[in-house]
Amino acid sequence: MTEAVERLTKKSEDSSKWYLQLVRMAKLADYGPVRGTFAIRPYGFAIWERIQQDLDARFKATGHQNAYFPLLIPESLLMKEAEHVEGFAPECAWVTMGGDDELEERLAIRPTSESIICDFYRKWIHSYRDLPVLINQWCNVLRWEMVTRPFLRTAEFLWQEGHTVHATAGEAREEALRMLNVYRDCFYEVLAIPVLTGMKSPSERFAGAVETFTCEGLMGDGRALQAATSHDLGQNFARAFDITFLDENQERVHPYQTSWGLSTRTIGALILVHGDDRGLRLPPKLAPTQAVVVPIWRGKNKGEVRREAEALHRELAEAGLRVEADLDEEHSPGWKFNEHELRGVPVRVELGPKDIEKGQAVLVRRDTGEKEFVERRAAARRLVELMDEIQKNMLRQAEAFRDENTRRAETYEEFKEIIEEKRGFVVAPWDGTEETEQRIKEDTKATIRLVPFEREEGKDLISGRPGKTAIFARAY
RNA sequence: CGGGACGUGGCGCAGUCUGGUAGCGCACUCGGCUGGGGGCCGAGUGGUCGCCGGUUCAAAUCCGGCCGUCCCGACCA
């Protein structure tokens, strides 16, 4: 066996290098000519499509409809909500020319669509009978980022943004929480990522929101990643954009809004949470290919093995599995094993002369590496079962990792030591002031990832003042 | 935007210090043998050495500027 040169760096050795190599070797994405732009290749996009399908069904099930709003936002519109401008203006890209002519007003390429959508909502909403408005849009957005990495932070990225309008504050709050739970369910059930949910601290809040809720995941290197957010916008945007309606009491009032989003960053989270030294590991519900049949033939019986492999492939496809048969004659079985492991295919099905003779097939799980021999007749049924087992096991593994890397800190010294040496989530009381939050950030580079919904009383580690639980980590 | 490193066929790199015919591995193409964990042999394709300028008989190599990428710090899904 010769040492392949294009080898994947070990995750533990240099996780950043590992990540970048994996993205390209697994053909998930490739760099574009403009900094921060990337092509999402078919394999990566197939993953995104599965996330889309799942989420979209959940949105529909909670009463939302899809729509599409313009890419270009006039500066004057973007400027209407003061905090919002402050948050997003620095990272806007502007269109200043139309053909050969300078535009009278420059146009932002949407960094997010609150402002342009509010402009329409002003026209569409007049009565309490028009509410609630429950709209989602799938689109791309652009943010002029300093530092970019494929999927995790790209200048242009794909996402969905939900924008809803409600008659009361209570309904809006309820909606924001409902969608947070939709995200959480999707992460647990489909992506097998055990995210924590909670609130953002005021300093980490979305620009213009009253409250921001978040799903935070813990990546394999012990750093946290904000995986989805849901915002209770209160009446901030309605006031700024002059959205009003006549309520049941004949009074003209501002409605309450929410917005919520999840982006292609999620694919980055998937890689970082489940990937290992051999490459990607995809949860079966998300894997574009759930099982791959690898025939093992020798010169004389190539024809027979090929026929059997094709038959098995058909059989598995008929059982509803997304299955692929790797009938390539150029590569050796060993090469194919490595290749499909790199791409994260959940199960490999080996079929060789010995197996055909014995009427069996060999199944090898990507999540554990375990190999099992099944009767050929039972292969499809066993695979269907395995998909479920692997999906559950991957979530369990990720949960175990998260739990092992969630620690309480009793003193500030302990806090610093954990962040420095072990990373992961640190649970500690916080007095709620920006002052201590800032101090921790300066000392340790850790930030408040979220404030849990259920909090314990305690004493702030820095100020000694009474505080309640917050969860800290170094973040992506 | 600050500190550091690096730009040489698609990918990973050597060559740069000490200027003198652009090299290696992988990938790719063709042929043959192979095939249960990245097979072997043979023959090929492909690079104005990031860009612009300067020094020189001669620049991948020396000098200047610019651009880009990666890592570390301030902002974000």
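Note that the coordinates shown come from a computational prediction; the quantities given were computed from them, not determined experimentally. Every chain is numbered from 1, with letters handed out A, B, ... down the list of sequences.
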If [N] has a Watson-Crick or G-U wobble mate with both distances under 3.5 Å, name it; if not, just say none.
N: B:U18; value: none
N: B:U29; value: B:A43
N: B:A5; value: B:U69
N: B:C62; value: B:G54
N: B:A77; value: none
N: B:G36; value: none

> Closest nucleotide of RNA chain B for A:V364 versus for A:Q438: which of these residues is on the 5' side?
Replying inline: A:V364
>> Between A:E375 and A:Q360, does the side chain to side chain donor-acceptor pair (under 3.5 Å) criterion hold? Intermediate values first, please.
In response: CA-CA 4 Å; A:E375 267 188 66; A:Q360 67 176 24; over 6 Å; no
Choosing from [options], which nucleotide comes nearest the side chain of [X]?
X: A:I296; options: B:C75, B:G35, B:G37; value: B:G35
X: A:P333; options: B:G36, B:G38, B:A77; value: B:G36
X: A:R278; options: B:G35, B:G37, B:C11; value: B:G37
X: A:R298; options: B:C76, B:G35, B:G38; value: B:G35

>> Under 6.0 Å from the ring centre and within 45 degrees of the ring axis: does the NZ or CZ of A:R143 meet both conditions for the six-membered ring of A:W159?
In response: yes
All N/O contacts under 3.5 Å from nucleotides 69-72 of chain B to the protein, with atom names and distances to one decimal?
from  : atom 1 : to    : atom 2 : distance (Å)
B:C71 : OP1    : A:S16 : OG     : 2.5

What's [X] touching, base or sugar-phosphate or nothing? Going by heavy atoms closer than 4.0 Å.
X: A:P353; answer: base
X: A:G261; answer: nothing
X: A:E350; answer: base
X: A:K300; answer: nothing
X: A:V362; answer: base
X: A:W159; answer: nothing

Pairwise [atom1] distance for [N] and [M], with rounding to whole Å:
N: B:C40; M: B:U45; atom1: P; value: 22 Å
N: B:C70; M: B:C52; atom1: C1'; value: 24 Å
N: B:A74; M: B:C13; atom1: C1'; value: 34 Å
N: B:U18; M: B:G23; atom1: P; value: 24 Å
N: B:C28; M: B:A58; atom1: C1'; value: 35 Å
N: B:C75; M: B:C1; atom1: C1'; value: 10 Å
N: B:U61; M: B:U56; atom1: C1'; value: 13 Å
N: B:G46; M: B:G25; atom1: C1'; value: 15 Å

Mind calculating the distance between [atom1] ([X]) and [atom2] ([N]) to the nearest angstrom?
X: A:N301; N: B:G36; atom1: CG; atom2: P; value: 12 Å
X: A:D30; N: B:C11; atom1: CG; atom2: P; value: 8 Å
X: A:R343; N: B:G38; atom1: CZ; atom2: C1'; value: 15 Å
X: A:F206; N: B:C75; atom1: CZ; atom2: P; value: 18 Å
X: A:W297; N: B:G37; atom1: CH2; atom2: P; value: 16 Å
X: A:L342; N: B:G37; atom1: CG; atom2: C1'; value: 14 Å
X: A:K302; N: B:G32; atom1: NZ; atom2: C1'; value: 12 Å
X: A:L152; N: B:C76; atom1: CG; atom2: P; value: 17 Å

What about [X]: does its side chain form a donor-acceptor pair under 3.5 Å with the base of [N]?
X: A:E329; N: B:G35; result: no
X: A:R348; N: B:G37; result: yes
X: A:R143; N: B:C76; result: no

Is any side-chain N of the basic residue among [X] and [Y] closer than 4.0 Å to the acidic one's carboxylate O?
X: A:K336; Y: A:E350; answer: no
X: A:D277; Y: A:K11; answer: no
X: A:E211; Y: A:R205; answer: yes
X: A:E161; Y: A:R110; answer: no

> Tell me, do A:R265 and A:R153 make a side-chain contact under 4.5 Å, heavy atoms counted?
Replying inline: yes
> Any chance the rings of A:F206 and A:F88 have centres within less than 6.0 Å?
Replying inline: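 Yes, ring centres under 6.0 Å apart.
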>> Taking 4.0 Å as the cut-off, does a side-chain nitrogen or oxygen of A:S332 come that near to OP1 or OP2 on B:G35?
In response: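 No, outside the criterion.
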> Does a side-chain N or O from A:R153 land closer than 4.0 Å to OP1 or OP2 of B:A77, or not?
Replying inline: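 Negative; the distance criterion is not met.
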> Do A:V165 and A:Q257 pass the side chain to side chain contact (heavy atoms under 4.5 Å, CB included) test, and can you show the C-alpha distance, the side-chain angles, and the key distance before you say yes or no?
Replying inline: CA-CA 4 Å; A:V165 191; A:Q257 294 174 268; 4.1 Å; yes
> Within the stacking criterion (centroid distance below 5.5 Å, interplanar angle below 30°), does A:F157 stack on B:A77?
Replying inline: yes
> Between A:N236 and A:H231, does a side chain to side chain contact (heavy atoms under 4.5 Å, CB included) hold up when you go through it step by step?
Replying inline: CA-CA 12 Å; A:N236 290 348; A:H231 316 289; over 6 Å; no
> Is a side-chain donor-acceptor pair under 3.5 Å present for A:Y412 with A:D443?
Replying inline: yes
